[in-house]
Amino acid sequence: MTKALPLRCENLSKSYGPRSLFAGVNLELAPRERLALLGASGSGKSTLLHCLSGVAAPDAGSVWLGGEKLDQLDGEALAACRRQQIGTVFQFFHLLPTLTAEENIELPLQLLGQPKPKRRARVAALLERMGIANRAHAFPSELSGGEMQRIAIARAIAHQPPIIFADEPTGNLDRKAGIAVLQLLEEITNEENAALLMVTHSEEAAAICQRRYHLVDGSLQSA
Ligand code: ADP
Ligand code: MG
């Protein structure tokens, strides 16, 4: 049996009112492949990412995550598919403020029903790997931006999803912290065999990706 691609879309289109953001988008991501999606502010990058990650429904076209066709799943099945197949990294981290660093990383494993000893071992290994073991019991408000993003990356990869979606992962970090986070994203996706689809303004960030596209006037142009 051939293994399903982490991500595939066909003929994807989305408009808001009279404005078409993108139309006829086709894309495939191979296992472990990293792809950068560049484009001007407001060009529709985040919306495309939301359609690809099952957060928003496209107007037309289809998306497959790990071989599952999203428009054929009901709400519960879609949520389960997303929990298993993807990890997400955001510009503003989106850590839960009432949970410690290690509890934030553990949460997706809990949602997947993993037994506690297994969860704990995985979280400890990730904290170590991310160089933040000493911050395990800190709350997000006590962490720097770079630390928060490393926690968020650990949370995204914890359940070993075939693909990570990242929307401007360095957009809220200073240059030095941004470079460190990019290096970690590159290394951890290699180590954990995850593909990456990253939305970014930054050519420097896009450099960790093997493939780069610009979203221009609603279609993808190879960069
Ligand atoms: P980017 O991530 O490239 O900056 P976005 O995908 O966030 O662009 O947004 C593209 C355009 O779509 C923007 O003009 C934005 O205002 C508009 N838009 C985004 N989400 C919505 C929505 N839910 N309803 C209406 N318009 C939206
Ligand atoms: Mg955006």
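The structure presented is a predicted model; accordingly, all values stated were derived computationally and were not measured. For ligands, and for the atoms within them, numbers begin at 1 and follow the listed sequence. Hydrogens, waters and symmetry mates play no part in the numbers below; they use all other heavy atoms, side chains included. Numbers here simply count residues along the sequence, with the first being 1.
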Which of the numbered atoms in ligand 1 are under 4.0 angstrom from any heavy atom belonging to A40? 3 (O)
By number and element, which atoms of ligand 1 are closer than 4.0 Å to a non-hydrogen atom of K45? 1 (P), 2 (O), 3 (O), 4 (O), 6 (O), 8 (O)
Minimum-distance pair of heavy atoms, taken over all atoms of P140 and L96: CG-O, 3.5 Å
Closest non-hydrogen atoms of M198 and A205, given as atom of the first, atom of the second and distance, are CE-O, 3.2 Å
Answer whether the closest heavy-atom distance between the side chains of R120 and E106 falls below 4.5 Å. yes
What's the shortest distance from [atom] to any protein heavy atom, and which residue and atom give it?
{"atom": "atom 8 (O) of ligand 1", "value": "G44 N, 3.2 Å"}
{"atom": "atom 6 (O) of ligand 1", "value": "T47 OG1, 2.5 Å"}
{"atom": "atom 17 (C) of ligand 1", "value": "Y16 CD1, 3.9 Å"}
{"atom": "atom 4 (O) of ligand 1", "value": "G42 N, 2.7 Å"}
{"atom": "atom 15 (C) of ligand 1", "value": "R19 NH1, 4.9 Å"}
{"atom": "atom 7 (O) of ligand 1", "value": "S46 CB, 3.7 Å"}

Please work out, at 4.0 Å between heavy atoms, whether the side chain, the backbone, both, or neither of L21 comes within that distance of ligand 1. side chain
Please determine if the Mg ion (ligand 2) has an N/O/S atom from T47 lying under 2.8 Å away. no
Can you name the one residue among T47, D59, D217 that meets side-chain contact (heavy atoms from CB on, under 4.5 Å) with F22? T47
Which of L220, L52, N11 passes side-chain contact (heavy atoms from CB on, under 4.5 Å) with V25? It is L220
Does atom 13 (C) of ligand 1 have any protein heavy atom closer than 4.0 Å? yes
Please determine whether side-chain contact (heavy atoms from CB on, under 4.5 Å) holds for the pair L35 and C209, giving the CA-CA distance in whole Å, both sets of side-chain angles, and the decisive distance to 0.1 Å. CA-CA 5 Å; L35 185 148; C209 296; 5.6 Å; no
Within less than 4.0 angstrom of ligand 1, does G17 place any heavy atom? no
For S41 and ligand 1, answer yes if some heavy atom of the residue is under 4.0 Å from a ligand atom, otherwise no. yes
Around E191, counting heavy atoms of other residues, nucleotides and ligands shown, do more than 12 lie under 6.0 Å from its CD? yes
Presence of salt bridge, R212 and E203, under 4.0 angstrom: no
E192 and R122 ion-paired at < 4.0 Å: yes
